[in-house]
Colleague: 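I'd like to ask some things about the structure below.
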Amino acid sequence: MSEAALTTRPVRRPQRTFARRTADWVANPWGKPRFLVLLTWVYVISSIAPVVIAIQFSFNDGRSLTAWQGFAGARWYWGDPVNSVWHDPALQHALFQSLKLAGLDMLIATPLGVMLALGLARWRGRAASASNFLMLFPLVTPEIVMGVSLSLAFLNVFTFIEPSTTAQVLGHVTFSLSYVVVIVRGRLFSIGRQYEEAAADLGATPSETLRLVLLPLLLPAIFSSLMIVFAISIDDFVISQWLSCGADCDTIPIRIYSATRAAPLPSINALASIMVYFTLVAIGISYLVYRFMTRGERPAGGAGKSMVSSMGAFDV
């Protein structure tokens, strides 16, 4: 070995400056999304912050909705003997009316939406396209237009239905039916028709296929639809307001709107917080039950995660 070879030193790469490393980090096409994550968190925080502030003032020790005067515990929920939600008949009635409308909406809209989704998924022909468009119409129609249209329909066409709880229930069903159809149809398309065809090959009748095969497979979507309908109905304001018969039909959103035009107490924030609690619980239960019911449909061993993690080798 020559003396030149022994004295040869490895070539050192020039050190990258901080600016260069930052530019490479930003421009790395194989790295994880960074600015999308940042924008997502900005959106989430800006959306949740007002709700958190409203919930905070439901525990305010004073009667102000703008100045924090200390933590009062559950004073405005049930502690105050006069103005709390538990002791105010008007607030109690609004809470009961909202829960009643949401419950009836769930019991009516979900079965109708499941049947409509099955019919639209299996219907073929030109009329099927028009029916699919009409089914999606409430989703793309502004809610104020829907509320005015329903009010005019009950006043001029279905005159035997006066503004009342019945009219509010029908309005909620009309508006939330499309959500059930979209959720159930998505589940239908994901499971395909192979299970029905296998049941038919084994001698099952159409009714047996529906009862023993299709409906059990649709249970996650049906339960999710129930919770979504509950969450939509309990915080609806426009349709409930247009079809209201007065104080006897006031829901939580109507009561909150009426109170904010005067001098509201923190009990209104407590009532709004209760509505938020109900909505979060409904969505959380829906997610957990859906995950539990579909646990056997996800790849075992985290195959999807392993593929993504293998791509992480390109990260810097």
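Everything numeric here is computed off the predicted structure, so don't read it as measured data. In this chain, numbering begins with 1 at the start of the sequence shown.
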Colleague: Taking the hydrophobic residues Ile, Leu, Val, Met, Phe, Trp and Tyr, and joining any pair whose side-chain heavy atoms are under 4.5 Å apart, which ones share a cluster with F96?
Modeller: none

Colleague: How does the hydrophobic cluster around L288 look, that is, which other residues are in it when side-chain heavy atoms under 4.5 Å mark a link?
Modeller: Y287

Colleague: Within a 6.0 Å radius of atom CH2 on W68, are there more than 12 heavy atoms belonging to other residues, nucleotides or ligands?
Modeller: yes

Colleague: Measure the spacing between CD1 of I45 and OG1 of T40 and express it to the nearest 0.5 Å.
Modeller: 11.0 Å

Colleague: Please, which pairs that meet disulfide (SG to SG under 2.5 Å) have at least one residue in residues 137-194, sequence neighbours excluded?
Modeller: none

Colleague: Connecting only ILVMFWY residues whose side-chain heavy atoms lie within less than 4.5 Å of each other, what is the rest of W242's hydrophobic cluster?
Modeller: I144, V145, V148, L152, F237, V238, I254, Y257

Colleague: Please, which pairs that meet salt bridge (Lys or Arg N to Asp or Glu O under 4.0 Å) have at least one residue in residues 173-186, sequence neighbours excluded?
Modeller: none

Colleague: Would you list the pairs meeting disulfide (SG to SG under 2.5 Å) in which at least one residue belongs to residues 147-183, sequence neighbours left out?
Modeller: none

Colleague: Considering only residues two or more places apart or on different chains, which pairs with a residue in residues 152-202 satisfy disulfide (SG to SG under 2.5 Å)?
Modeller: none

Colleague: Can you list every pair that meets disulfide (SG to SG under 2.5 Å) and has a residue in residues 195-293, with sequence neighbours left out?
Modeller: C245-C249

Colleague: Listing request: all salt bridge (Lys or Arg N to Asp or Glu O under 4.0 Å) pairs with a residue in residues 201-220, at least two apart in sequence or in separate chains.
Modeller: none

Colleague: Extract all donor-acceptor atom pairs below 3.5 Å that involve side chains of residues 47-61 and protein atoms in other chains or at least two apart in sequence.
Modeller:
unit_1, atom_1, unit_2, atom_2, d
S47, OG, Y43, O, 2.8
S58, OG, I55, O, 2.4
S58, OG, Y77, OH, 2.9
N60, OD1, Q69, N, 2.8
N60, ND2, S64, O, 2.8
N60, ND2, A67, O, 3.1

Colleague: Does any pair with a residue in residues 78-99 pass salt bridge (Lys or Arg N to Asp or Glu O under 4.0 Å), and if so which ones, sequence neighbours excluded?
Modeller: R75-D80

Colleague: Table please: side-chain donor-acceptor pairs of residues 100-110 below 3.5 Å, with sequence neighbours left out.
Modeller:
unit_1, atom_1, unit_2, atom_2, d
D105, OD1, S176, OG, 3.0
D105, OD2, S176, OG, 3.1
T110, OG1, M106, O, 3.0

